Structures are given as C-alpha cells and as structure tokens.
There are 2 protein chains.
Amino acid sequence: MSLRHALLGMLAYEPSSGYDLKKRFDGDLGEYAWHAPHTRIYPELAKLADEGLIEVAGEGARGRRTYAVTDAGRAELRRWLFTPQDEGPARNVQVLRLFLLSALEPDDARQLLRMHADDSDREAHKLSEIVAALDADATPGEPPQFGRVAAEFGLRMHRARRDWARWALDRMG
Amino acid sequence: MSLRHALLGMLAYEPSSGYDLKKRFDGDLGEYAWHAPHTRIYPELAKLADEGLIEVAGEGARGRRTYAVTDAGRAELRRWLFTPQDEGPARNVQVLRLFLLSALEPDDARQLLRMHADDSDREAHKLSEIVAALDADATPGEPPQFGRVAAEFGLRMHRARRDWARWALDRMG
DNA sequence: CATCGCATGTAATAGGTTACATGATTAT
DNA sequence: ATAATCATGTAACCTATTACATGCGATG
C-alpha cells in the first residue's frame, strides 16, 4: 500500500491538511504518480496519526487540521524509499495490452501499434513543453527541482515507448 | 478494470480453463503485465459468462470447465484495445518514489537515484539475455513473436529509466 | 496406497470508488 | 445575500488479497 507513503512523503516535504493533500493529488502528483480521493485521504491520515507516524500540528478555521510527520514517520518513509522495490503484483495496463496483441489479427495489431506510437509521441510533446516551461522559469544554480526531474522521467518513458512501437511496426513489415 | 480484458484476451488466443489462466498469470504475463490470484479469476470468469462474453466450451475431469470467447466477447476485447487509454487514476509506484525524492536530504536523494540506476541496469541486462535467447531460437521469416516484442518493450523501458537516473545524478552534481 | 498436481471454491479482511451530505468562511 | 470554495465526513458498493478448504486423478 503506497498511499500512506505518498502522504508521509508530502507531509515530510511540508505540513499540510487533508484538503491540501487532496489538491496535490488533483494536480501533477495525481495525474502521473498516484491518485486518491479525499474519502481515502482522511481515514488514512487518521490511521497514520493513530500509529504515531504523523501528528496534528495545528488547527485552523472550518475544522482544518494541519498534520506533520513525526520522527517515526520520517524513519518509515526513508525505510520504504530505500527498500528495493518489492513492486508487489504487476498492474501494468500498457504491457497487458502488448501481451494481448497476440489475440488480434496482424492487421489489427499493426493498427494498434501505430496508435501506441502516435499516443506516446503526443504525450512526449506535451511533456517536452512542460519541461521547456520549467527550464525557462528555473533560476540557475538552484537546488534540484524534483518536478523537473519527474517530468524528464515521463518524457523519456514516452519517447522509449514511441520508439519501441515504431521498432515493432518495422519488424512486422 | 483490466482483469476481465486480460481474461478475454487470453481466451481469444485460445480456449482455457480457470486453472490454465491461473498458470499464465503465474508466468511472464503475471510478472510483467498483470497479476491475479485464482480467487479472482474464477468469479470473474463466472461474471463474464453471465454477461455472455465467454461461454463454457467443454467440461473435463475434476470439474474442469474450458471457456471460449463468444463473438460479443471478441468485440468487447477489440473495443477495449482500440479505445485510447483512459488509463484511469494513476497508480505508479516508481513515479511516486520520484516525487517523494524531494522529501529527502540531497545526499539521500542521490543515493536513491544511484539505486534506481543500478536496479534498472540489472533488469536491462536480464532482459537483454532473454531477448538474445529468443532471437537465437527464432526461425527467420516467422510471423511476429509477441513475447519477443513485449520483452523488447521491457528492455527499452529499463534502459530509459537507467539513463534517466544517470542524467538526474549528473544534473545534481 | 501415498503423494503430487489438477481444479475449484468459501470467508475474512483490506483497499478503493462513487454518491451523498454538511457546515464554515471568503469573495462578489 | 449569494455563490464559490474550504474542509471534512458517512454509507454503499466494488475490487483485491490472504488464508483456509476440498475433492479428483495420475504417477510411482
């Protein structure tokens, strides 16, 4: 279960309320990395607090509770991040689709590969624009900008997928 | 939910029993693409049969039921494969870990990136050996071997991740 | 006749989604 | 005033994991 670690990580970065975290899940983080609705966030925060991994750091208007990680929480986050990926069971729709290509007629398979290639190409362009915008805003000599680093990851993944699909098409003749 | 489509796809490839499918999930498919335990396979097969997407094509010893896709099932599979990925909510542990790098001290982040790089390098080597073995066995002029194509995908993904991690390390100084 | 693999199932629990609900504050 | 947004919650339902269970058939 990664939700708890996503929450720990975000709280380690800065103390936040459930509502703050929900907004982050609605943004980049939720789009590319991990998503959760508020109905899962709040109970999980309660559980984490119960286990002493986070604590209420302040209360605000409208019942707002700001949480912060405890030392135990920070240790758990580090432990998780440094545990070489057990990965759990595979859940990769993209790769699944590849495996299922073999259930299709060759013509259908080719058409699908072309779709994959186009799709990745579009995503790669989208990301390269994001990357360019981030680079334009960056002040030189700054400490590592992790959004930039994650975007680069996505960019490279999509390019690799595009190139792979083209390679496969080429190979099928 | 992709399990139903995984099952449809495998049955479209060849009629099988729940037990046969379970074994496929325990192999390559389950390791790289999608995993499911038998306790999810059987109920899902029952549901698919109920909806008329598959049907019992034969019964064997020990209560064995062999299922085959119906025309409706084949149509649903095609529809799904050709629907440009709605993808559903993000669930990507790897990318999540990247986002959470920002919650760590720079030294820790560097160390983790090095772990990522080494990890991917190891996986890439593993896959390149598999690919080499597949290529050695291949008879030239054969129709597309999809296992080979899927392996190539994995290989390229790992290489891209490795190169990305090295790029990130380089960028952090 | 014992053991292993085949073949399917139930039950308990946990994790995740969707719909519905509510009250407080800020902005217009 | 009124609407928008902040902020949290309940309940019903579905999906997934894990542990436990059972009986048949082939092999030695």
Side-chain angles (χ1 to χ4, degrees), chain A residues 1-8 10-11 15-27 29-31 33-51 53-54 56-68 80 86-93 96, chain B residues 1-8 10-11 14-27 29-31 33-51 54 56-68 80 86-93 96:
Chain A
M1 210 228 332
S2 307
L3 174 58
R4 59 193 303 107
H5 297 107
L7 295 173
L8 278 177
M10 286 190 282
L11 293 176
S16 322
S17 68
Y19 192 77
D20 294 336
L21 296 168
K22 177 209 156 239
K23 276 188 302 183
R24 286 226 53 201
F25 278 117
D26 288 341
L29 182 84
E31 185 172 2
W34 202 269
H35 184 264
H38 77 277
T39 46
R40 290 243 3 100
I41 296 169
Y42 290 112
E44 193 63 39
L45 285 173
K47 238 173 107 185
L48 285 167
D50 219 55
E51 295 170 28
L53 300 177
I54 64 175
V56 177
E59 315 216 348
R62 279 163 291 194
R64 174 191 177 94
R65 268 160 320 194
T66 304
Y67 289 95
W80 183 73
D86 15 354
E87 272 289 353
R91 276 296 136 71
N92 192 325
V93 185
L96 174 60
Chain B
M1 208 225 333
S2 308
L3 174 57
R4 58 192 302 107
H5 296 108
L7 295 173
L8 278 177
M10 286 190 281
L11 293 177
E14 56 177 349
S16 323
S17 68
Y19 192 77
D20 294 336
L21 296 167
K22 176 208 157 241
K23 276 189 301 184
R24 287 226 53 200
F25 278 117
D26 288 342
L29 182 83
E31 186 172 1
W34 202 269
H35 184 265
H38 78 277
T39 47
R40 290 248 356 104
I41 295 169
Y42 290 111
E44 194 63 38
L45 285 173
K47 238 173 106 185
L48 286 167
D50 220 54
E51 296 170 28
I54 63 175
V56 177
E59 314 216 350
R62 277 162 291 194
R64 175 190 176 95
R65 269 162 317 198
T66 305
Y67 288 96
W80 183 73
D86 17 355
E87 275 284 357
R91 275 297 137 70
N92 193 323
V93 184
L96 174 61

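Lettering of chains follows the sequences in order, A, B, ..., and the numbering in each one begins at 1. Computed from a predicted structure; not experimentally measured.
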Inset, instruction - Calculate the interatomic distance between F25(B) atom CZ and dT17(D) atom C1'; express it in whole Å. - result: 15 Å
Inset, instruction - Of all the heavy-atom pairs spanning A49(B) and Y67(B), show the shortest one and how long it is. - result: CB-CE2, 4.2 Å
Inset, instruction - Identify the heavy atoms of I41(B) and A36(B) that sit nearest to each other, and give their distance. - result: CD1-O, 3.8 Å
Inset, instruction - Could you check how far CG of L3(A) sits from P of dA16(D), rounded to whole Å? - result: 17 Å
Inset, instruction - Please state how far atom CD in E44(A) lies from atom P in dT10(D), giving the value in whole angstrom units. - result: 15 Å
Inset, instruction - Verify the contact: side-chain N or O of R91(A) to OP1 or OP2 of dT17(D), cut-off strictly under 4.0 Å; return yes or no. - result: yes
Legend entry - Under 3.5 Å: donor-acceptor pair, side chain of S17(B), backbone of D20(B): yes
Legend entry - Atom pair CG/CG of L8(A) and L3(A) - distance to nearest 0.5 Å: 9.5 Å
Legend entry - Length of the line joining L45(A):CG and dT8(D):P, which is rounded to integer Å: 9 Å
Inset, instruction - State whether Y42(A) places a side-chain N or O below 4.0 Å from either non-bridging phosphate oxygen (OP1 or OP2) of dG9(D). - result: no
Inset, instruction - Calculate the interatomic distance between R4(A) atom CZ and dG16(C) atom P; express it in whole Å. - result: 11 Å
Legend entry - Pair R4(B) + E51(B): basic N to acidic O under 4.0 Å: yes
Inset, instruction - Please check the phosphate of dT15(D) (OP1 and OP2 only) for any side-chain N or O of K47(B) closer than 4.0 Å. - result: yes
Inset, instruction - Under the side-chain contact (heavy atoms from CB on, under 4.5 Å) rule, collect the residues that match up with A46(A), sequence neighbours excluded. - result: none
Legend entry - Phosphate OP1/OP2 of dT10(D): any R40(A) side-chain N/O under 4.0 Å: no
Inset, instruction - For each nucleotide in nucleotides 20-28 of chain C, reading 5' to 3', give B when a protein heavy atom comes within less than 4.0 Å of its base, S when such contact involves only the sugar-phosphate, and - otherwise. - result: ----BB---
Legend entry - Atom pair distance, as rounded to whole Å: NZ in K23(A) and C1' in dT5(D): 9 Å
Inset, instruction - Considering non-hydrogen atoms only, spot the tightest contact between D26(B) and H35(B) and give its length. - result: OD1-NE2, 4.0 Å
Inset, instruction - Measure the distance from CD on E59(B) to C1' on dC24(D) and round it to the nearest whole Å. - result: 15 Å
Inset, instruction - Would you kindly give the CD1-to-P distance between I41(B) and dA16(D), to the nearest whole Å? - result: 12 Å
Inset, instruction - Take A36(A) and S17(B), find for each the nucleotide of DNA chain C with the closest heavy atom, and name the residue whose nucleotide sits nearer the 5' end. - result: S17(B)
